[in-house]
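None of the values given here were measured: they were computed from a predicted structure. Side chains are part of it too, since the values below use all heavy atoms of this structure and drop only hydrogens, waters and symmetry mates.
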Amino acid sequence: MERRYQMVQWDAMLARASETDKRATDCRSVEVWSGADRRRDDRKRTFLATVRHASYDGISMDLMTVDSKQTMSVLPQLVPDAACFRCDVCCRFPEADSFLRPYFTSSEISDAVTHGVPESCFPNESGSQVDLVKNPIGEGYFCPAFDSTSGRCGIYDVRPLDCRLYPLALMWDASGREVLLGWDSKCPFMRDAPSSAILEYGERVAPFLADETIVKAIVAHPRLIGRFQEDVIVLKALPHLTVRLGPKRVDPQLRPLTLSDAPYFAEALERAQVIRHDTPAAFAFPYHYIWSSLLPYWWMESDHTLFLFAQSPDGWFMPLPPLGAGPLDQAFALMRSWNGSSPVSRIENVMESQGRLLERDGIQFRRKEGDYLYPVEALAALAGDHYKSQRALCNRAAREQTITKEPYRADYHSDCARLYRRWAEQKRRGNLDQMGKLLLEDAEMAHALVFQEHERIGLSGTIVSVSGNIAAYTFGYWLTPQTWCILLEVADRSVPGLAQWVFRDTCRTAMAQGAVFINAMDDAGLPGLRAAKSAYRPSAILDTWVITRIIA
């Protein structure tokens with residue numbers, strides 16, 4: 001069975017779905033202007049890929065203020081231009097919605113458009129991350145200002161502050177309360193640079209970030225401060241920015257959801273006494289955390305209750321009901337204070353038992369796609385006429401292929417990432433609607449995070465090889481000692497019966513470890529996924545509800 005796509009993505013996707021095709025077409029026009037700028041750039045300086053992985057060495061580079069044409073002193077640089085020229089990751093992104101896309105302020109958007117970047121590549125003219133363009137000759141995506149032929153930036157002279165700073169990064173600390181200056185270890189130069197030089201570099205750059213014009217620009221565009229990243233090495237705190245940005249935080253009690261929060265999440269679930277064999281898969285830390293790079297998650301505690309929030313482009317909502325005895329009124333009051341009267345304020349994944357307790361005047365309920373729950377014994381055996389076709393496909397795969405399996409290891413990351421892209425392309429060539437295709441793009445980010453952090457997230461993974469080549473993988477977690485949840489499952493669709501073989505083997509492995517039930521998640525409203533999951537004859541579909549409050 002194939003991977004379900006989590007409904008929490010829909011807020012991000014719906015905000016841009018109607019514009020996707022138009023922007024993709026307009027952004028391709030970047031080739032028209034890149035030639036002249038390329039020639040000009042060739043005469044001026046050696047290439048440096050700019051997007052969040054760049055700098056020049058030995059070249060006077062002024063730091064342009066974000067909302068002013070004035071300039072300040074030269075920003076010192078540490079990374080040699082030769083190192084940047086060798087870099088093959090700068091300006092290139094594996095997914096269309098990478099959280100590393102550079103952020104442009106309103107004036108930087110105007111400058112970029114003046115220099116030829118299509119206006120449609122910026123979703124919000126008042127400030128936004130840039131929309132990427134598909135690599136025309138291979139996998140992945142490019143910044144629309146990047147010329148893949150020469151490897152140069154077409155707008156280097158007016159590149160945004162976000163790019164000028166890199167590989168330095170501005171981010172909140174893990175608690176979301178303090179602004180930090182860090183060095184992104186994803187920059188290849190970081191692997192060889194002496195730590196003393198990097199620390200000294202941070203001290204040299206910090207005064208530039210204290211300049212009042214820069215501070216005002218950052219305060220006006222707080223999205224220039226990223227969320228905490230564990231692979232960004234902290235160089236120093238920036239208290240002047242913390243003081244100026246603090247009042248702009250939505251709520252001082254909110255913390256970004258990080259891996260270190262998993263124990264608090266587990267404790268809150270235990271206090272709430274919501275975990276049973278038929279509890280939906282959403283009541284688990286991994287379910288939410290894998291999407292945190294796409295849709296920021298935040299949490300807070302009040303009255304011994306954990307409140308989990310997700311921040312979509314349209315506003316704030318709760319992907320889970322409050323975990324504890326805290327009042328529902330408090331949850332809606334918080335969202336209303338942040339969202340105003342927007343209908344985006346809602347609480348998702350409310351169980352039937354919880355819904356009965358929440359029934360009151362002014363609350364509306366809407367049914368949400370439910371998780372598919374199966375008796376593991378039936379899926380491990382696939383006995384009887386009901387499973388005749390699935391059993392035949394499993395037997396065919398075993399008969400025609402040499403199949404082996406082993407636990408996932410970090411060194412399988414690249415092979416699994418390539419498999420995902422191949423599988424996603426196979427899906428796109430099938431009967432997949434536009435929303436399904438957009439969901440595939442976003443899911444790549446979640447899979448990539450799992451490849452990197454599966455153990456720390458609390459996931460167990462298995463890779464399946466056909467004739468020595470990785471052709472499938474599966475990741476899951478224990479919701480209870482008797483319920484195994486299949487979070488991700490991908491199998492090469494060109495191998496007949498492989499998906500069915502992997503699903504059956506996963507169920508057999510779980511049963512051997514004590515599972516009584518298999519939770520295969522919901523179907524995200526995708527007809528093909530619904531048909532596949534229904535064919536395995538679930539013992540129950542764990543319907544949940546989305547609740548909203550009627551505003552008089």
Side-chain angles (χ1 to χ4, degrees), residues 3 6 8-9 94-95 98-100 169 171-176 180 182-187 190-191 226-234 254-270 275 281-301 306 308-310 319-320 323 406-417 419-420 442-463 470 473-481 483-490 506 509-510 513 519 521:
R3 157 89 173 83
Q6 197 170 5
V8 74
Q9 300 178 89
E95 62 279 328
S98 171
F99 73 97
L100 293 176
M171 67 178 183
W172 292 97
D173 69 359
S175 70
L180 305 174
W183 178 286
D184 193 347
S185 63
K186 289 185 287 293
C187 173
M190 180 64 188
R191 300 164 193 157
R227 49 194 312 236
F228 181 74
Q229 297 180 63
E230 294 188 350
D231 59 354
V232 172
I233 298 171
V234 176
L254 282 176
R255 300 180 181 183
L257 187 68
T258 67
L259 286 170
S260 61
D261 297 323
Y264 298 104
F265 201 94
E267 291 172 9
L269 288 168
E270 185 175 355
I275 300 299
F283 287 80
F285 180 81
Y287 182 101
H288 300 282
Y289 184 78
I290 68 168
W291 301 101
S292 59
S293 60
L294 173 71
L295 204 61
Y297 277 80
W298 304 80
W299 68 280
M300 59 182 285
E301 277 194 302
L306 187 146
L308 182 67
F309 298 95
L320 280 180
L323 299 177
E406 59 182 296
Y408 175 83
R409 301 196 311 264
D411 53 342
Y412 293 139
H413 182 162
S414 296
D415 288 337
C416 287
L419 171 61
Y420 178 85
D442 281 352
E444 186 172 0
M445 299 174 66
H447 286 239
L449 182 60
V450 169
F451 298 153
Q452 295 174 343
E453 304 283 0
H454 72 289
E455 289 183 336
R456 299 180 66 197
I457 296 172
L459 297 173
S460 176
T462 299
I463 63 105
I470 293 178
Y473 60 79
T474 178
F475 290 88
Y477 58 91
W478 291 100
L479 181 61
T480 75
T483 305
W484 177 255
C485 294
I486 301 175
L487 183 62
L488 309 177
E489 195 162 278
V490 163
T506 299
T509 300
Q513 296 174 358
N519 184 316
M521 311 290 179

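Note that OH of Tyr473 and SG of Cys416 are 6.5 Å apart. Values are rounded to the nearest 0.5 Å. Taken from CD in Glu95 to NE2 in His447, the straight-line distance is 12.0 Å, to the nearest 0.5 Å. Note that CG of Asp261 and CZ of Arg255 are 7.0 Å apart. Values are rounded to the nearest 0.5 Å. The structure places CG of Leu306 at 9.5 Å from CE of Met300, a figure rounded to the nearest 0.5 Å. Within the model, atoms CD1 of Ile470 and CG of Leu419 stand 8.0 Å from one another, a figure rounded to the nearest 0.5 Å. Put simply, CG on Leu257 and OH on Tyr297 are 8.5 Å apart, with the number rounded to the nearest 0.5 Å.
With sequence neighbours excluded, the residues forming a side-chain hydrogen bond (donor to acceptor under 3.5 Å, both in side chains) with Thr480 are Thr483, listed by chain and number. Listed by chain and number, the residues in a ring pair (Phe, Tyr, Trp, His ring centres under 6.0 Å) with Tyr477 amount to none (sequence neighbours excluded). Every residue two or more places apart in sequence or in another chain that forms a salt bridge (Lys or Arg N to Asp or Glu O under 4.0 Å) with Glu230 is listed here: Arg456. Tyr412 pairs by the ring pair (Phe, Tyr, Trp, His ring centres under 6.0 Å) definition with nothing, not counting sequence neighbours. For Glu267, the salt bridge (Lys or Arg N to Asp or Glu O under 4.0 Å) test picks out no residue, with sequence neighbours left out. Residues passing the side-chain hydrogen bond (donor to acceptor under 3.5 Å, both in side chains) test with Ser292: none are found, sequence neighbours excluded. Applying the salt bridge (Lys or Arg N to Asp or Glu O under 4.0 Å) test to Glu444 and every residue at least two apart in sequence or in another chain returns Arg421. Remark: Thr509 engages Lys405 in a side-chain hydrogen bond (donor to acceptor under 3.5 Å, both in side chains) (not counting sequence neighbours). Residues satisfying the side chain to side chain contact (heavy atoms under 4.5 Å, CB included) test with Pro481, not counting sequence neighbours, are none. Residues meeting the ring pair (Phe, Tyr, Trp, His ring centres under 6.0 Å) test with Phe228, sequence neighbours left out: none. For Tyr289, there are no side-chain hydrogen bond (donor to acceptor under 3.5 Å, both in side chains) partners two or more places apart in sequence or in a different chain.
Residues Ala510 and Trp478 share a closest heavy-atom pair of O-CH2, 3.8 Å. Here the shortest heavy-atom pairing between His288 and Pro319 reads CE1-CB, 3.8 Å. Nearest heavy atom pair, residue Gly458 against residue Pro286, reads O-CG, 4.3 Å.
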>> What verdict does the side-chain contact (heavy atoms from CB on, under 4.5 Å) test give for Ile486 and Thr474, after you've listed the backbone C-alpha separation in whole Å, the side-chain angles of each residue and the deciding distance to 0.1 Å?
In response: CA-CA 7 Å; Ile486 301 175; Thr474 178; 4.0 Å; yes
> Does the ring pair (Phe, Tyr, Trp, His ring centres under 6.0 Å) test come out yes or no for Trp299 and Phe265, once each step is laid out?
Replying inline: CA-CA 9 Å; Trp299 68 280; Phe265 201 94; 8.8 Å; no
> Would Phe475 and Tyr408 count as a ring pair (Phe, Tyr, Trp, His ring centres under 6.0 Å) if you check the C-alpha gap in whole Å, the side-chain angles of each, and the deciding distance to 0.1 Å?
Replying inline: CA-CA 9 Å; Phe475 290 88; Tyr408 175 83; 5.1 Å; yes
>> Quick one, Ile457 with Leu449, criterion side-chain contact (heavy atoms from CB on, under 4.5 Å). Give me CA distance, side-chain angles, the key distance, then yes/no.
In response: CA-CA 9 Å; Ile457 296 172; Leu449 182 60; 4.2 Å; yes
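Side-chain contact between Met521 and Leu487 is present, with at least one heavy-atom pair separated by less than 4.5 Å. Arg409 has its side chain out of reach of Ile463: every pair of non-hydrogen atoms, C-beta onward, lies at least 4.5 Å apart. Contact annotation: the side chain of Leu269 never approaches that of Phe285 to less than 4.5 Å [non-hydrogen atoms, C-beta and beyond].
Of the possible donor and acceptor atoms, one in the side chain of Ser185 sits under 3.5 Å from a partner among the backbone N and O of Asp231. Checking side-chain atoms of His454 against main-chain N and O of Ser460 turns up no donor-acceptor pair under 3.5 Å.
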